[in-house]
Amino acid sequence: MSEKPELPDGSEDLNFVMRARREKLDALAAKGVPGFGYSFQRSHLASDCAELLGDAEEGPVVRLAGRVVAWRAHGKTTFAHLGDPSGRLQLYFRRDVLGDVYDTVEYFDLGDVIGVTGPLFRTRSGEVTVRVTEVELLAKSLRPLPFGKEEVVDGKTVRHSAFSDGEQRSRQRYADLAVHPEVRALFASRSAMTRAIRTFLDGRGFLEVETPVLQPLYGGALAKPFVTHHNTLDMPLYLRIADELYLKRLIVGGFERVYEIGHDFRNEGIDRTHNPEFTMLEFYQAYADYVEMMVVVESLVGAAAVAVRSALGSAADRPDAAAFDVSLEAGGFPRIEWLPALSAAVGVVDVLALDDGALRSQATRANVQGVATMSRPKLLDELFQAHIESAIDVPTFVVDYPLELSPLAKPKRGNPALTERFELFARGKELANAFSELNDPIDQRRRFEAQARLKADGDEEATMVDEDYLRAMEYGMPPTGGVGIGLDRLFMYLTGTQHIRDAILFPTMRPE
RNA sequence: GACCCGGUAGCUCAGCUGGUAGAGCAGCGGCCUUUUAAGCCGUAGGUCGUGGGUUCGAGCCCCACCCGGGUCACCA
């Protein structure tokens with residue numbers, strides 16, 4: 001070996017394992033076996049084979065393709081396991097069956113993608129196996145995958161030396177997925193959840209739409225945005241922090257039921273429950289109020305729970321299976337009224353009657369940080385978080401938020417200090433936010449202007465006046481119920497996932 | 001941002017009060033035609049996160065920094 005092959009990254013310091021695999025690739029090429037194929041016609045999946053063989057000792061010929069996930073060479077025979085989307089199946093290579101081809105099999109490695117042909121049979125120990133008569137190398141694995149070794153103890157699979165560094169598993173999700181079928185199953189169940197939600201909404205006559213991600217003004221939530229710049233227009237654009245204001249423009253336009261599933265972006269911290277981009281579902285239903293929307297949310301969350309549960313199947317194996325005990329499909333989540341709940345927790349008749357000074361001292365008593373610089377709405381919200389939200393465990397609606405906390409919600413019938421708004425909490429985390437949408441453009445302008453004053457007074461999260469949105473509302477917007485649900489959070493709740501990193505295929509990470 | 005824990009071979013980890021690195025798996029060579037964490041024999045593989053410092057001598061002690069995890073704070 002006078003010349004070292006070059007790594008894609010330019011480093012010539014190939015580790016010895018990778019060097020060996022390059023050499024095998026060359027050796028195979030010398031035998032006329034290309035390292036990378038073009039296609040393969042599968043006849044079956046691994047999981048079909050047990051039924052196909054039945055009780056017989058010898059079965060039909062099958063053609064399987066997938067990744068080599070285990071390899072046990074014994075001289076003139078080799079046992080391997082092939083993993084495909086359905087599971088894994090044992091392969092048996094024999095020199096007396098394959099002849100010279102066996103020489104090429106000896107250059108295969110753990111992780112190679114291969115296609116095999118051969119009859120099914122049952123080994124001495126009873127395992128359904130393919131006696132390989134033809135084999136094709138479809139992709140040589142030049143970099144060793146971090147396979148652990150698996151052992152079955154008392155019917156449970158125990159993995160040894162598994163790939164377990166959470167950071168590397170997130171950074172190299174492809175490797176995490178390649179060696180962990182259960183991670184594939186988890187993310188597949190997330191897709192099942194999304195599909196169930198679409199089916200649910202489509203079935204109720206909602207139209208799925210796409211609205212701008214790049215927005216000249218951001219709104220619909222209180223958060224710090226990502227800012228970018230359009231060169232030709234020479235103007236700043238913001239990545240959306242919410243879909244809300246565009247979806248309600250569509251309600252004005254006559255699409256009476258719309259929804260969007262997409263990413264929102266918030267330029268804030270990253271932690272166990274926050275990723276800078278996350279998946280938001282928002283849906284709006286004309287002529288409905290927030291009470292009707294609560295019932296819809298109960299059904300939708302139930303449908304999502306059923307979908308995740310059935311997709312995960314053997315969820316009982318999951319260490320966090322307790323999350324599945326909550327009988328969400330039953331619906332009828334408990335409801336807590338914002339004002340009486342907080343007033344009782346604080347020990348006053350009406351927290352909204354407290355002046356700013358009294359609120360501040362209450363917030364300080366509740367261990368809220370940074371009280372001195374907070375606006376009144378912020379103080380109220382912090383107080384509520386500290387006393388009520390963090391204690392909520394099972395899915396619970398909190399209803400009727402103060403008007404000053406809810407610039408896009410209609411005043412509550414019978415108590416204009418409150419709004420017709422609810423949030424859904426579970427495990428102390430917000431899952432959904434919804435209201436009877438404010439459709440009075442005169443009131444909406446006053447609310448925007450109050451927000452603008454807060455912003456001027458230094459509240460970084462307060463919003464701007466969106467004149468175009470007001471113009472739309474002036475044309476006439478029907479009464480509408482609207483809901484936003486963070487799908488990452490919902491999925492985490494339904495699966496018991498502790499870290500948002502494990503609910504997002506490619507979470508945002510600092511560069512290596 | 002604060003505090004705590006961690007970063008050693010491709011993977012998972014060990015390394016006692018400081019004496020300049022170990023195991024298993026993966027790899028390579030050999031033996032092995034029903035194995036399954038295959039086995040046996042042999043072998044190779046490491047700027048111990050980075051940069052300073054203390055010391056005759058640092059994976060280990062000190063300082064700074066980088067990266068990750070956890071807890072708290074923040075994120076309606």
Side-chain angles (χ1 to χ4, degrees), chain A residues 13-21 23-24 69-81 88 90-98 102 109-111 121-127 129 131 143-153 157-172 175 179 221-224 241-242 266-276 278 338 367-370 374-375 377-386 389 398 401-402 404-409 421 423 425 429-430 433 459-463 484 498-499 501 509-512:
Chain A
D13 186 29
L14 266 181
N15 78 55
F16 62 99
V17 178
M18 293 184 65
R19 204 174 302 139
R21 293 198 174 190
E23 287 164 14
K24 289 182 185 176
V69 297
W71 191 259
R72 297 179 295 283
H74 300 70
K76 297 188 180 64
T77 67
T78 296
F79 284 95
H81 274 90
R88 43 193 277 165
Q90 185 166 256
L91 307 178
Y92 185 37
F93 301 91
R94 294 175 61 102
R95 179 171 284 286
D96 60 8
V97 170
L98 289 163
Y102 195 83
D109 284 297
L110 205 54
F121 76 106
R122 195 178 303 282
T123 63
R124 193 176 288 162
S125 61
E127 182 161 352
T129 303
R131 180 181 289 110
R143 186 181 288 270
L145 277 166
F147 280 107
K149 290 212 158 190
E150 288 181 7
E151 175 187 25
V152 177
V153 178
T157 298
V158 180
R159 197 174 280 132
H160 302 269
S161 304
F163 184 39
S164 58
D165 181 327
E167 182 195 350
Q168 288 309 320
R169 289 176 56 188
S170 295
R171 285 190 190 283
Q172 299 191 39
V179 303
L222 306 178
K224 293 178 200 142
I241 59 173
R266 297 187 183 175
N267 205 341
E268 287 159 358
I270 300 176
D271 66 21
R272 193 151 40 95
T273 56
H274 295 85
N275 197 61
F278 58 98
W338 194 97
N367 249 334
V368 174
Q369 306 287 312
M374 277 183 190
S375 63
K378 187 79 181 155
L379 278 171
L380 286 168
D381 192 54
E382 289 293 334
L383 213 45
F384 190 79
Q385 274 190 30
E389 285 183 16
V398 173
Y401 282 67
E404 46 199 325
L405 286 182
S406 313
L408 299 166
R421 172 181 178 190
E423 294 199 330
F425 290 90
K429 294 291 174 189
E430 179 188 343
N433 180 27
D459 187 337
E460 280 190 273
E461 292 172 345
T463 57
Q498 296 299 309
H499 204 300
R501 184 187 65 196
M509 301 190 79
R510 200 184 294 272
E512 288 179 85

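Bear in mind the structure is a predicted one, so any value in this text is a computation, not a measurement. Lettering of chains follows the sequences in order, A, B, ..., and the numbering in each one begins at 1.
Donor-acceptor pairing under 3.5 Å, judged by distance alone, is absent between the side chain of A/E127 and the base of B/rU34. If you check distances only, the side chain of A/T77 never reaches the base of B/rU34 with a donor-acceptor pair under 3.5 Å. Side-chain to base pairing of A/R72 with B/rU35: one donor and one acceptor N or O lie within less than 3.5 Å of each other. Judged by atom type and distance alone, A/R95 does not reach the base of B/rU33 through any side-chain donor-acceptor pair under 3.5 Å.
The side chain of A/Q385 has B/rA76 as its nearest neighbour among B/rU34, B/rA76, B/rA37. Listed nucleotides B/rA76, B/rC28, B/rU34 differ in distance to A/N433; the shortest reach to its side chain belongs to B/rA76. The nucleotide whose nearest atom lies closest to any side-chain atom of A/R266 is, among B/rU35, B/rA76, B/rU33, B/rA76. Taking every side-chain heavy atom of A/F121 into account, B/rU34 is the closest of B/rG27, B/rU34, B/rG69. Which of B/rC28, B/rA76, B/rU34 sits closest to the side chain of A/A221 comes down to B/rA76. Considering only the side chain of A/H499, B/rG69 comes nearest among B/rG69, B/rU33, B/rC28. When the nucleotides B/rA73, B/rA76, B/rG69 are ranked by their closest atom to the side chain of A/A223, B/rA76 comes out on top.
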Polar-atom pairs under 3.5 Å, protein N or O versus N or O of nucleotides 11-13 of chain B: list them with distances, or write none.
from   : atom 1 : to     : atom 2 : distance (Å)
B/rC11 : O2'    : A/S161 : O      : 3.1
B/rU12 : OP1    : A/S164 : N      : 3.4
B/rU12 : OP1    : A/D165 : N      : 3.3

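Close to B/rG69, at under 4.0 Å from its OP1 or OP2, lies a side-chain N or O of A/R501. At the phosphate of B/rU71, OP1 or OP2 sits under 4.0 Å from a side-chain N or O atom of A/R272.
Rounded to whole Å, the separation between the C1' atoms of B/rA14 and B/rC60 comes to 14 Å. Look at the P atom in both B/rG6 and B/rG22: the space between them is 23 Å, to the nearest Å. A gap of 44 Å separates the P atoms of B/rA73 and B/rA58, to the nearest Å. Only the C1' atoms considered, B/rU17 is 16 Å distant from B/rG59, to the nearest whole Å. B/rC13 and B/rG52 are spaced 29 Å apart, taking the C1' atom of each and rounding to whole Å. As rounded to the nearest Å, B/rC25 and B/rU33 have C1' atoms that lie 25 Å from one another. Taking the P atom of each, B/rU43 and B/rC3 are spaced 50 Å apart, rounded to whole Å. B/rG69 and B/rC32 are spaced 45 Å apart, taking the C1' atom of each and rounding to whole Å.
Separating the NE2 atom of A/H74 from the P atom of B/rU34 is a distance of 8 Å, rounded to the nearest angstrom. Separating the CZ atom of A/R19 from the C1' atom of B/rG10 is a distance of 13 Å, rounded to the nearest angstrom. Counting to the nearest Å, the P atom of B/rG68 and the CZ atom of A/R169 are 17 Å from each other. Across the protein-nucleic acid pair, A/F425 atom CZ and B/rA76 atom C1' stand 8 Å apart, rounded to whole Å. At whole-Å resolution of the value, CH2 in A/W71 and P in B/rG39 are 17 Å apart. Note: CZ (A/R131) to P (B/rU35) measures 14 Å, nearest angstrom. One atom, CG of A/D271, and another, P of B/rC72, lie 11 Å apart when rounded to the nearest Å. Rounded to whole Å, the distance from NZ on A/K149 to C1' on B/rG24 is 10 Å.
A stem is defined here as three or more consecutive Watson-Crick or G-U pairs, each with both distances under 3.5 Å; for RNA chain B these stems are B:1-7 with B:66-72, B:10-13 with B:22-25, B:27-31 with B:39-43, B:49-53 with B:61-65.
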Kindly indicate, with the supporting measurements, whether the criterion side chain to side chain contact (heavy atoms under 4.5 Å, CB included) is fulfilled by A/Y92 and A/T77. CA-CA 7 Å; A/Y92 185 37; A/T77 67; 3.7 Å; yes

Worked verdict on A/E430 versus A/Q385 for side chain to side chain contact (heavy atoms under 4.5 Å, CB included): CA-CA 10 Å; A/E430 179 188 343; A/Q385 274 190 30; over 6 Å; no

Is there a side chain to side chain contact (heavy atoms under 4.5 Å, CB included) between A/K76 and A/R94? Walk through the geometry before answering. CA-CA 6 Å; A/K76 297 188 180 64; A/R94 294 175 61 102; over 6 Å; no

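Side-chain contact check for A/T78 versus A/W71: some heavy-atom pair is nearer than 4.5 Å. Counting heavy atoms from C-beta on, the side chains of A/R72 and A/Q90 come closer than 4.5 Å. Considering only heavy atoms from C-beta on, A/E423 comes within 4.5 Å of A/E389 through its side chain.
Remark: the backbone N or O of A/I241 is paired with a side-chain donor or acceptor of A/R266 at under 3.5 angstrom.
Between A/W338 and A/F384, the angle of the ring planes stays under 30°, which puts this pair in the parallel group of the 30/60° scheme.
Residue contacts shown for A/A70 are absent, as no nucleic acid heavy atom lies under 4.0 Å away.
The shortest non-hydrogen separation linking A/L91 to A/T129 is C-CG2, 3.9 Å. Taking all atoms of both residues into account, the shortest heavy-atom contact from A/R21 to A/P144 is NH1-CA, 3.8 Å. Contact between A/F163 and A/R169 at its shortest, heavy atoms only, is O-CD, 3.2 Å.
For A/D109 and A/H81, each mapped to the nucleotide of RNA chain B holding its nearest heavy atom, the one lying further toward the 5' end belongs to A/D109.
Figure legend: A/R421 and A/Y401 shown as a cation-pi pair, the cationic atom lying under 6.0 angstrom from the six-membered ring centre and within 45 degrees of its axis.
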